[in-house]
Amino acid sequence: MSDTAGNPSPVNLRLPDGSVRTFDGPVTGTTLAEDIGPGLLKAALAIYVDGELWDLSRPIEKDSDVAILTKKDEAALDLLRHDCAHVMAEAVQELFPGTQVTIGPNIEDGFFYDFARDKPFTEDDLEVIEKKMHEIIGRDEAIEREVWDRNEAIDYFKKIGEHYKAEIIADLPDTETITVYRQGEWLDLCRGPHLPSTGKLGDAFKLMKVAGAYWRGDSKNEMLTRIYGTCWADKKQLKAYLHRLEEAAKRDHRKLGREMDLFHLQEEAQGSVFWHPQGYTVWLQLENYIRNRLKDAGYQEIKTPQLLDSKFWEQSGHWEKFRENMFVVPDEVPSTDEGAPIVSADARLMALKPMNCPAHVQVFKQGIKSYRDLPIRFAEFGCCHRNEAHGALHGLMRVRQMTQDDAHIFCREDQITSESVAFCDLLSSIYRDLGFPDFKVLLATRPDVRAGTDEVWDRAEKGLEEALNTAGIEFDYAPGEGAFYGPKLEFHLSDAIGRTWQCGTLQLDFVLPERLDATYIGEDGSKHRPVMLHRAVLGTLERFLGIMIEHYAGRLPLWLAPTQVVVATITQSFDAYAQKVVDQLEAKGMRVKIDLRNEKINYKVREHSHAKVPVILVVGQREMEQNQVSVRRLGSKDQTVVDLDTIVTELSTEAKMPQG
RNA sequence: GCUGCCGUAGCUCAGGGGUAGAGCACUCCCUUGGUAAGGGAGAGGUCGGAAGUUCAAAUCUUCUCGGCAGCACCA
């Protein structure tokens, strides 16, 4: 090793295979790739230097472990997507001068970039922008990293009219190095790293949609115009992604709900569901299943009022913290006088309940409770109304009239852990039964707008954390996401196509028992405050049914399917036998329909398959003679001919509601 | 609520300043046929609503209601 004065020290780079390459002095990723081979040079996108991703052009000055990143690496997607966002921004600014850039992060499957422009972009602009992007990629502009002085950067962006960028830089912490990436004539503030040139991006991208988005995600700020895009390593991946979107659209519960005749919505009852016989059958199955599980877990079911006086909601704290989401009803006989207002301005106000909890406290408060009575678990399929913003409504997933599988556990502080653990067990067992074995847990802590003192919040947050630790459940934190009266656990389940949904919740509340003065008599003979656990497994039945429809793509398990079996005849000669089959199945409590129509069997099979009926039993000459049926299961082209008695037993066993 | 797009028969969609179209579904007739659409005939909308421009509006303009996507909010 020569260390002659004036000469730089050599740099040893160790490759992933363990081999080491030595260079005379600082060396870039490009040089290294070139040194290894021309194929790699062409494929190289960036380089890991001691685990950190660097630009290829950035000199490596000391001995390091390195690995060159190519499109084959999963991690390359992040790089490609972010570069794609930059190329899009360059294209936009080239096409629409005066448009300001703001932020453009990666998201799942792609990226977006928010622009500030007087006139928002429309879908028609996307095609033009995409074309320009291909042009920029064709120009193969070198992408160069530059380190700038913070104040110079702010001045520069202000000077060129990029006020949002200037604001972003001004808000960066002092410790942050300000880096700017230049590609051709265009440059943008960015942490990097980036590809060596725009040409490396390829053509596996597509601009998807435009949308409004508030600056910094705050509805008080001005609205920017956002463009969403997707970007992949190659065309094949892009195509697969677009296919995945199509498949997801086929599962849309609004579409399936119509096709399967489960429910409908109409504008006179925005956000409230009209359940049809088929859909309500599924609802009742699910509700009864939960009812059984709760009963087995020591809950008592109750029913509480829809309309309660505003004074009551003032006391509970909802009037102050939740009123903008509540439906208010005047407690007054509406005037029928012509010209007169229907209700007077000073009418006494009632409100439709947005939550069940305060009403459950009222039931708890009837009579004197001893510490020996606790825990008391009140369950209610409570129908609640919330005045959700119009833009938030979405099929069954976001409604204004909702039915929760709600319950409140009143217990002593020393029972919090065991009750929480028991709830977690119940929830995971129910999710398993319903076909959702995977879920994640978040601990949502105190929000800005809240009731109760910090001391109470400290205790509540710690209580939930302890319960999770005792139950041995892994979790993450969701800071500031708690309810206004207490912290909560959020249970997020994963569906068949990898989406997650928050359904279950467990909320610890020291505030409401205090506000509504709930007490029990302790061992010491004096009054104590119970702790209240608010909890739901499904969340709301409406939304959970929506999730299940999409999860199963309409092909519900037999016990939930609205119509479990269709008996279809080959010709009218077998009508009587078909009716006998139906009778035997119905005698076992199965939901059966008979199809005696003057149609060919092909037609009948096709129609009932589209309607997602799990089992079609075909009867003709052969079956009638042998007292058999031909069984066709949804999703299978095979048929088996089985004795009638056998299939009745088999199906009625299979259709049993799970028992945990 | 905010931004953009959309609003034609039960569903999916075409059309586009001169008195509404297709496929499926529906009704009737023929057909009685073995596992994802047999054939024929018929009925059904005044084009989300209101106002305006015009000799004439579903078609253009404005307002309004609703839907969709995203944002914000959220179960």
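Letters A, B, ... mirror the listed sequences (proteins, then strands); counts begin at 1.
Listed nucleotides B/A72, B/G67, B/G4 differ in distance to A/A392; the shortest reach to its side chain belongs to B/A72.
Atom-to-atom, CG of A/D125 to P of B/A69 comes out at 22 Å; the value is rounded to the nearest Å. When the P atom of B/C65 is taken as reference, atom CD of A/Q266 falls 19 Å away, rounded to whole Å. Rounded to an integer number of Å, the gap from A/R258 CZ to B/C68 P is 10 Å. Rounded to whole Å, the distance from CG on A/L256 to P on B/C11 is 16 Å. Residue A/L596 contributes atom CG, which lies 13 Å from atom C1' of B/U32 at whole-angstrom precision. If you take CG of A/D261 and P of B/C24, they are 21 Å apart, rounded to a whole angstrom. Whole-Å rounding puts the A/F121 CZ to B/G4 P distance at 13 Å. Between the C1' atom of B/C73 and the CE atom of A/M223 lies a distance of 12 Å, rounded to the nearest Å.
Across all strands, A/Q572 comes closer than 4.0 Å to base atoms (heavy-atom distances). Using a 4.0 Å heavy-atom distance criterion, A/T225 is classed as making no nucleic acid contact. A/K255 comes within 4.0 angstrom of no nucleic acid atom, judged by non-hydrogen atoms across all strands. Residue contacts shown for A/R254 are limited to sugar-phosphate atoms, with no base heavy atom under 4.0 Å away. Across all strands, A/F544 comes closer than 4.0 Å to no nucleic acid atom at all (heavy-atom distances). Residue contacts for A/G212: at a heavy-atom cut-off of 4.0 Å it reaches a base atom on one of the strands shown. Across all strands shown, A/E388 has heavy atoms under 4.0 Å from base atoms, whether or not it also approaches the sugar-phosphate.
The closest side-chain donor-acceptor pair between A/N356 and A/H408, if any, does not fall under 3.5 angstrom. Under the 3.5 Å distance criterion, with hydrogens and angles disregarded, no donor-acceptor pair is assigned to the side chains of A/N325 and A/N387. Side-chain atoms of A/W283 and A/T281 include no donor-acceptor pair closer than 3.5 Å. Remark: the A/H318 side chain and the A/E320 side chain contain no N/O donor-acceptor pair separated by less than 3.5 Å. Donor-acceptor pairing under 3.5 Å is recorded for the side chains of A/T569 and A/K604.
A salt bridge links A/E419 with A/R377: the distance from a Lys NZ or Arg NE/NH1/NH2 to an Asp or Glu carboxylate oxygen falls below 4.0 Å. Ion pairing between a basic and an acidic side chain is recognised when a charged N comes within 4.0 Å of a carboxylate O; A/E650 and A/R633 show such pairing.
Nearest-nucleotide mapping onto RNA chain B: of A/P120 and A/E481, the residue sitting toward the 5' end is A/P120. The residue among A/G395 and A/L224 whose nearest nucleotide of RNA chain B is located toward the 5' end is A/L224.
B/C65 sits 7 Å from B/G48 when the C1' atoms are compared, rounded to a whole Å. Using C1' as the reference atom, B/U3 and B/U8 are 26 Å apart when rounded to the nearest Å. Atom P of B/G10 sits at a distance of 38 Å from the matching atom of B/A72, rounded to the whole Å. Nucleotides B/G66 and B/A14 have their C1' atoms positioned 23 Å apart, rounded to a whole Å. Between B/U19 and B/C55, the distance separating the two C1' atoms is 14 Å to the nearest Å. Going from the P atom of B/G15 to that of B/C71 covers 31 Å, rounded to whole Å. Comparing the C1' positions of B/G17 and B/U61 gives a spacing of 13 Å, expressed to the nearest Å. Taking atom C1' on both nucleotides, B/A9 is separated from B/U46 by 11 Å, rounded to a whole Å.
If you check B/A14 for Watson-Crick or wobble pairing at under 3.5 angstrom, you find it has no partner at all. Across the strands present, B/U35 finds no partner; the criterion is a Watson-Crick or G-U wobble pair with both atom distances under 3.5 angstrom. Remark: B/C47 base-pairs with no nucleotide; criterion is Watson-Crick or G-U wobble with both hydrogen-bond distances under 3.5 Å. With both pairing distances under 3.5 Å, B/G42 is matched to B/C26 as a Watson-Crick or G-U wobble pair. With a cut-off of 3.5 Å on both Watson-Crick or G-U wobble distances, the partner of B/A75 is given as none. Shown here, B/U54 forms no base pair; nothing in the strands shown gives a Watson-Crick or G-U wobble contact with both key distances under 3.5 Å. Using the Watson-Crick or G-U wobble rule with both distances under 3.5 Å, B/G70 pairs with B/C2.
Note that A/R226 lies in the cation-pi zone of A/F112, set by a 6.0 Å cut-off to the ring centre and a 45° limit from the axis.
Side-chain N or O atoms of A/T445 include one that pairs as donor or acceptor with a backbone N or O of A/G480 at under 3.5 Å. A side-chain donor-acceptor contact under 3.5 Å links A/E550 to the backbone of A/H253.
Within the 4.0 Å cut-off from OP1 or OP2 of B/A69, at least one side-chain nitrogen or oxygen of A/H394 is found. Distances shown here put every side-chain N or O of A/R117 at or beyond 4.0 Å from the OP1 or OP2 atom of B/U3. Between B/G1 and A/Y214, no contact under 4.0 Å exists linking OP1 or OP2 to a side-chain N or O.
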* B/S/- contact track for nucleotides 34-43 of chain B, protein heavy atom under 4.0 Å -> BBBBS-----
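Residue A/R398 places a side-chain atom within donor-acceptor reach of the base of B/C73, judged by atom type and a 3.5 Å distance cut-off alone.
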